[in-house]
Number of protein chains: 2
Amino acid sequence: MTQLHQPGKLAPHNPIADDGDDVHFCSTCAFGSVCLPAGLDKIALNELHMLVEHVGPFHAGDHIFRSGERFGALYAVRAGMVKTRQLDDEGHEQVLGFHLPGEMIGLDAIHPAKYPCDAIALDTVFVCRFSFPALSMLAAKIPDVQQRLFDLLSADIGKSSRFSGDHTADERLAAFLLDLANRYAARGFASNAYRLVMPRADIANYLRLAAETVSRVLRRFQDQGLIRVDGRELELTDKPALLKLARHILRD
Amino acid sequence: MTQLHQPGKLAPHNPIADDGDDVHFCSTCAFGSVCLPAGLDKIALNELHMLVEHVGPFHAGDHIFRSGERFGALYAVRAGMVKTRQLDDEGHEQVLGFHLPGEMIGLDAIHPAKYPCDAIALDTVFVCRFSFPALSMLAAKIPDVQQRLFDLLSADIGKSSRFSGDHTADERLAAFLLDLANRYAARGFASNAYRLVMPRADIANYLRLAAETVSRVLRRFQDQGLIRVDGRELELTDKPALLKLARHILRD
DNA sequence: GCATCGCATTGATCTACATCAACGCGAGTC
DNA sequence: GACTCGCGTTGATGTAGATCAATGCGATGC
């Protein structure tokens, strides 16, 4: 059924052999504490691995799921970057977020059992698919799994209002750059320099700015020595200064 | 422990006798499907009623919980209106939402086990307090309870980004008024006329506008025959026109 | 090589809304 | 009654960032 709408192929289900570095990768994933043996007995672990499918590759522009589709599964990004967005009746796009390896998407679809947004690959993407009916059955049996789901859902509520406040372009952009850095760091990636995978227009849309404004502010940040930009390559050269700008938004 | 920070008194725990119209009220609450017998056996129902406490009254300005406090419980608003908000390090307020009778608050506090915002009564408020440890134990035993929690959490993710888009003052205000109307209607209240319990400044903050702009737009809406305003009393006299303005925001 | 295309940058101008300021008005309070 | 005080309204002015327009520039195709 996932194949109906996406060009990615189902990998043969073989969670260990499928990726030489599975254990290492999963340890940094949002669901890693669940998928990895830690504390789970053999039977539980088996059941979990039964309900995970590795899906991919998706290429830039491919949909992982589409707005309006029946909700059937959560996805964890394994590799690449995913954009979530909504289109209104006139086709105006509203970017909801960018999702890094190790992060979950689809949490906002549980109720009312429809994906409320499109999930689109920004580059080459692999995901883990968690069948939700199977997952919630497992959650009922294993308190840690249930709690982990509650945690992920709860954290997403706060995240989705993080950039909803009233702030200047400088503040929002600084917060955006630091937020990405923090999230890369949390997954074990280098965080002082990374690639902005998405086009400027997507950043602008997400932050409620014009693409021109994003361009100008990045330029000024560079002139002020806060960052270095070269196309989509980014380096944060003065995090304290960025943090000072972003402190109203990133309150943790 | 709730008494440490709030002036509300614990009502004696007696869910049936405590309110002559309990069953009727609970049937319209976000957690009604859980608290009411529907499908639950006697033992389960008993356990549920053991973990619910009726708390109140809170008066305008009282805190139901405070930002930074250890998370211990979810709350359903029973009566009155609750505002949730965050303060940044310089004391700038950011209003996150307004919560009507039958709606849940505290869902964003499960992870990382701290309330991320203040919950403040806007008028006289009564709440139901659900101990979260007890509730999640019950959820593990009763699939419907677990599912209901997943649903509430998931729906809140979408809600919290509803007003985060880039829209004009007119669109946001129209969407705000209709959203309140819809939510009142969903709980069985009259929805064509209601009271804006919060001051203009709170509406403005929530919608990222200045209080003056809210005032001016409401005035113009009235002049155009879309609404009638008298202080905080509001009547929607041309819903189709409001909906036309708000359609980019309320996509459902 | 040249042409095309998508994206990014840079400059000039415009505007929706904020900000500043004054005033109104009902509810307490003395 | 007069005096706050909190809130809302209304008008005049300012500005952050949008919009419009032109140019740059690397990647792809022929």
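In what follows, chains carry the letters A, B, and so on, assigned in the order in which the sequence lines appear, proteins first and then strands, with residues in each chain numbered from 1.
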#### Entry: Of A:Ala210 and B:Arg200, the one whose closest DNA chain D nucleotide lies more 5'
B:Arg200
### Query
Can you name the residues that form a ring-ring contact (aromatic ring centres under 6.0 Å, His included) with A:Phe163, not counting sequence neighbours?
A:Tyr206
### Query
Can you list the residues that meet the salt bridge (charged side-chain N to carboxylate O under 4.0 Å, His left out) rule with B:Lys239, with sequence neighbours excluded?
none
## Note on the structure
Across all chains, not counting sequence neighbours, the salt bridge (charged side-chain N to carboxylate O under 4.0 Å, His left out) partners of A:Asp230 are none
Contact between [X] and [Y] at the side-chain level, heavy atoms closer than 4.5 Å - yes or no?
X        : Y        : value
B:Leu242 : B:Phe221 : yes
A:Asp179 : A:Arg162 : yes
A:Leu226 : A:Leu245 : yes

### Query
Under 3.5 Å, side chain of B:Asp118 to main-chain N/O of B:Arg66, donor-acceptor pair present?
no
#### Entry: Donor-acceptor contact below 3.5 Å, side chain A:Ser154 vs main chain B:His111
yes
## Note on the structure
DNA chain C nearest-nucleotide lookup for B:His167 and A:Gly231: closer to the 5′ end is A:Gly231
### Query
With a 4.0 Å cut-off, would you call A:Arg183 and A:Glu103 a salt bridge?
yes
### Query
Is any side-chain N of the basic residue among B:Arg247 and B:Glu171 closer than 4.0 Å to the acidic one's carboxylate O?
no
Give the rounded distance in Å between these two atoms: [atom1] of [X] and [atom2] of [N].
X        : N      : atom1 : atom2 : value
A:Ile203 : D:dA18 : CD1   : P     : 14 Å
B:Asp166 : D:dG17 : CG    : C1'   : 10 Å
B:Arg208 : D:dG17 : CZ    : P     : 13 Å
B:Leu209 : D:dT9  : CG    : P     : 14 Å
A:Leu207 : D:dA16 : CG    : P     : 18 Å
B:Asn205 : D:dC7  : CG    : P     : 14 Å
B:Leu196 : D:dG8  : CG    : C1'   : 13 Å

### Query
What residues, two or more places apart in sequence or in another chain, satisfy side-chain contact (heavy atoms from CB on, under 4.5 Å) together with A:Ala109?
A:Phe71, A:Tyr115, A:Pro116
Would you tabulate the side-chain donor-acceptor contacts of residues 92-101 of chain A under 3.5 Å, counting partners in other chains and residues two or more places apart, or write 'none'?
{"residue": "A:His92", "atom": "ND1", "partner": "A:Asp88", "partner atom": "OD2", "Å": "3.2"}
{"residue": "A:Glu93", "atom": "OE2", "partner": "A:Lys83", "partner atom": "NZ", "Å": "2.7"}
{"residue": "A:Glu93", "atom": "OE2", "partner": "A:Arg85", "partner atom": "NH1", "Å": "3.4"}
{"residue": "A:His99", "atom": "NE2", "partner": "A:Thr84", "partner atom": "OG1", "Å": "2.9"}

#### Entry: side chain to side chain contact (heavy atoms under 4.5 Å, CB included) partner of B:Leu236, the single match among B:Leu180, B:Leu243, B:Ile227
B:Ile227
Could you pull out the protein-nucleic contacts involving nucleotides 11-15 of chain D (nitrogen or oxygen on both sides, under 3.5 Å)?
{"residue": "D:dG11", "atom": "N7", "partner": "B:Arg216", "partner atom": "NH1", "Å": "2.8"}
{"residue": "D:dG11", "atom": "O6", "partner": "B:Arg216", "partner atom": "NH2", "Å": "3.4"}

### Task
Go through the structure and list residues passing side chain to side chain donor-acceptor pair (under 3.5 Å) with B:Arg200, not counting sequence neighbours.
none
### Query
Applying side chain to side chain donor-acceptor pair (under 3.5 Å), which residue pairs with at least one partner in residues 219-229 of chain B are found, sequence neighbours left out?
B:Asp170-B:Arg220, B:Arg219-B:Asp223, B:Arg228-B:Glu235
### Query
Which part of the nucleic acid, if any, lies within contact of A:Arg172, taking any heavy atom under 4.0 Å across all strands shown: a base, the sugar-phosphate backbone alone, or nothing?
nothing
### Task
Provide the start and end nucleotides, 5' to 3', of the part of DNA chain C that has atoms under 4.0 Å from heavy atoms of chain A.
C:dC7 to C:dA12
### Task
Return the nearest nucleotide to the side chain of B:Ser215; candidates are D:dT9, D:dC7, D:dG17.
D:dT9
### Task
Encode nucleotides 22-27 of chain D as B, S and - characters from 5' to 3', where the letter depends on protein heavy atoms closer than 4.0 Å: B to the base, S only to sugar-phosphate, - to neither.
------
### Query
Where along residues 84-98 of chain B does a heavy atom come under 4.0 Å from DNA chain D, residue by residue in number order?
none
### Residues within residues 217-229 of chain A bordering DNA chain D, heavy-atom distance below 4.0 Å
none
## Note on the structure
Note: A:Ala204 and A:Ala210 closest approach over all heavy atoms is CB-C, 3.6 Å
